[in-house]
Structures are given as structure tokens and as C-alpha cells.
Amino acid sequence: MLTISRLVKKILNKQENLVEGLVVRAYGGYYYVSAGRDEWECRLRGRLRYTKQQVLVGDRVKLRPGHGHTGIIEKVLPRRSLLVRPPVANVDQAVIVFAVKEPDPNPGLLQRFLILVMINHIEPLICFNKVDLSEGAQVDIVSRYRENYRVVITSAKTGKGLDQLREMLRGRTSVFAGPSGVGKSTILNALLPGLKLKTGELSAKLKGGRDTTRHVELISLPEGGLIADTPGFSSLDVPDLNPEELAGCFPEMHSYHGKCRFAGCLHYKEPGCAVKEAVEAGTIDEACYRQYYELLEELISRRRY
Ligand SMILES: Nc1nc2c(ncn2[C@@H]2O[C@H](COP(=O)(O)OP(=O)(O)OP(=O)(O)O)[C@@H](O)[C@H]2O)c(=O)[nH]1
Ligand SMILES: [Mg+2]
Ligand SMILES: [Zn+2]
């Protein structure tokens, strides 16, 4: 049955001359769709413009060719994942880039982003960049995440860690995300000689200059896979989840699951909490627990309204 309906679809597509492709950039109401060696400049079919689920970079679409290499997007194919901030469809992994210095890392923002990524079933990879700026110094923040996440340490300037990063990107669709000025575009330029993404001077940014990267863009890797450069962001709402789900987003706490006195313990103010005992004993990092606690309070107060 399935194969017959597929066959019918294929025949219909052919009759309609629709082209299947990948949205690699979008701005000003135009969508740039890559199909084979061609790139099509497309508009959306009217009814798609009014649907809630917009067409995003990373979407696979069907377009109707017009003059030259222009077209109309008729249909968006089902997504396998969706990252809302930055908005990219069909992502396998999010490379969360922070600088060890200039600008200093913001652990609260990193934590929120980790949660956002994990609840969307996208695999996180933390990239600490600009290690050339802290040569020799022990970087606390790095060791804190190393135990529980995949971490790569890079310098786009000296090339350190770039081979390892390249290996981790092979064959997958990855999004580079993180605050402005941490070096996302510089890393991509270093990974792909010939690519010339605009990068910015940090001093201008700290003085309130504009983000250098203004749009999401998907780029093909020669060794297979896609990477998206995205504009930096400096804040992120607490992701939308129930207080009960929050502990599941902290791998540091996983081994204490079910060990508290009360079933459904939020590790908040309950007595006999195994997580709080572990924090006191120093087996769970205190900074990590503090972040959990603050996020939990936000989620609880949000539920009250
Ligand atoms: N010392 C040092 N500087 C770096 C490194 N990587 C990037 N930079 C510098 O940091 C500044 C910002 O880099 P960008 O690549 O534009 O940062 P971005 O994350 O793409 O920023 P947005 O596009 O605004 O989000 C530039 O001046 C880069 O030269 C690094 O590894 N070490
Ligand atoms: Mg950039
Ligand atoms: Zn507990």
C-alpha cells in the first residue's frame, strides 16, 4: 500500500514538476533553496504564508520553478526536529559556543541553552573558544561541564581543537549558537577555507555595536554534513517545561533519581532529599545546584499565574 501511494506521489510530483530542496537562507520574504548544484530564489505559496509553522532554514521543501532560478515554495516536508532559538529545522546537534574570555562566559545562559536544546531532542556540544586568551590558566567552567557533556576546546586563532571539532561535525546537521562575539563565524571560517563569513571586532560589540551575523545560514561541509551560522543572542527565556521535568535536564543529578524520601521530590525544600545531601557532600557542584534552584523557582512561579 505504502509503496503504491509513494509511487502515485512521485508521478504527481513529476507531472507538477516540483523540485525538492533545502532552505539554506531566508530573509526579506525570500527563501534560498539549494537543490543539487542549483540555488533557487523562492517566495512562499499564499497559504503557507498564513500558517503558524513558518518555513525555516533547514526545512526540506518542494518548489514550483518559475523564470530563471526563481520559484514558489508549495510544500514543507515533515521536520525531524526544531530549534526555536535560533530558528532552524532538522538539526542533529547544537554547538553551543562560549568564549573562555572576551566576553566572559555566562553560565546561566549556557544552562538555559542546554535545556532548550535537550527538550527539543537535539544533542548539545559545548565549545569553549578563545583558549589562546587564557593559556596555562585552569579554566574552572570547562572542567565543570566536561564530566557530563561533550565538550570541545578551541581557538579559532591558533587552530587548537579545530580538527576535533571538524570530526564531531562530520555527516551531521549542526547549528552554531551562542552570544555575540564568542567567535562562531570565525570558527566556521577557519574550518572552511574559502568561506568568508563576516566577523566583528569585539570592542565595537561591547560598546553596543550590532551583531555581526544577521541571518541564519546553512553551509555544506566538504566531508559531508551541514553547519549553520547564526546571530548571537544575549538572553534566553526559561524553556517551557514543568518543574517536575527540570531535574531530567541536569545530567549531574541523574544518578540520584528515585533516591529521595518522597516520590516526586523536586529537590527544593523537601526533607530527606538525596540531591541536596549530595550538594552538601560536594558530589554535586554547588553552582550547578544553585542554577537548578533558581530555574525551578522561576518555573514554579510561572505555573502560579
Ligand atoms: N583571541 C581570539 N579571538 C577570537 C577567536 N575567535 C574569534 N575571535 C575574535 O572575536 C571577535 C568576534 O568574532 P565573531 O566570529 O565575529 O563572533 P560571532 O560569535 O560570530 O559574533 P556574532 O556574529 O555577533 O554573533 C573577532 O574579532 C574575532 O577575530 C579566538 O579563538 N581567539
Ligand atoms: Mg557571527
Ligand atoms: Zn530530592
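Starting from 1, each residue takes its place in the sequence as its number. Side chains are part of it too, since the values below use all heavy atoms of this structure and drop only hydrogens, waters and symmetry mates. Numbering of ligands and ligand atoms starts at 1, following listing order.
Summarising the geometry, atom OG belonging to S234 is positioned 9.0 Å from atom CG belonging to N106; distances are rounded to the nearest 0.5 Å.
Between T154 and the choices D163, N129, D132, the side-chain hydrogen bond (donor to acceptor under 3.5 Å, both in side chains) rule is met once, by N129.
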Determine all donor-acceptor pairs shorter than 3.5 Å in which one atom belongs to a side chain in residues 245-258; sequence neighbours excluded.
from, atom 1, to, atom 2, distance (Å)
E245, OE1, N242, N, 2.6
H254, NE2, G248, O, 2.9

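Listed by chain and residue number, the protein N/O/S atoms under 2.8 Å of the Zn ion (ligand 3) are C260 SG, C265 SG, H267 ND1, C273 SG, with waters left out.
At a threshold of 4.0 Å, the pair R25-E39 counts as salt-bridged, since one of the basic side-chain nitrogens sits closer than that to a carboxylate oxygen.
Among the atoms of S185, an N, O or S atom falls under 2.8 Å from the Mg ion (ligand 2).
The distance criterion of under 3.5 Å between nitrogen or oxygen atoms is not met by D229 with respect to ligand 1. Taking any N or O of T230, backbone or side chain, none lies under 3.5 Å from an N or O belonging to ligand 1.
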For this session: Would you please test R79 and L56 for side-chain contact (heavy atoms from CB on, under 4.5 Å) and show each step?
Result: CA-CA 10 Å; R79 290 177 182 147; L56 297 178; 3.7 Å; yes
For this session: Could you go through the side-chain contact (heavy atoms from CB on, under 4.5 Å) check for L63 and I72 one step at a time?
Result: CA-CA 5 Å; L63 65 92; I72 301 283; over 6 Å; no
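When G232, G181, A177 are ranked by how near their heavy atoms come to atom 21 (O) of ligand 1, first place goes to G181.
Considering all non-hydrogen atoms of both residues, G28 and R43 come closest at O-NH1, 4.2 Å. Smallest separation of non-hydrogen atoms from L192 and P222: CD2-CD, 3.3 Å.
Every atom of ligand 1 is numbered from 1 in the order shown, and the set under 4.0 Å from a heavy atom of K157 is 1 (N), 2 (C), 30 (C), 31 (O), 32 (N). Ligand 1 places these atoms under 4.0 Å from at least one heavy atom of A156: 6 (N), 30 (C), 31 (O). When each atom of ligand 1 is checked for a heavy atom of D132 under 4.0 Å away, the hits are 1 (N), 2 (C), 30 (C), 31 (O), 32 (N). Numbered from 1 in the order shown, with element, the atoms of ligand 1 that lie under 4.0 Å from a heavy atom of S185 read 15 (O), 20 (O).
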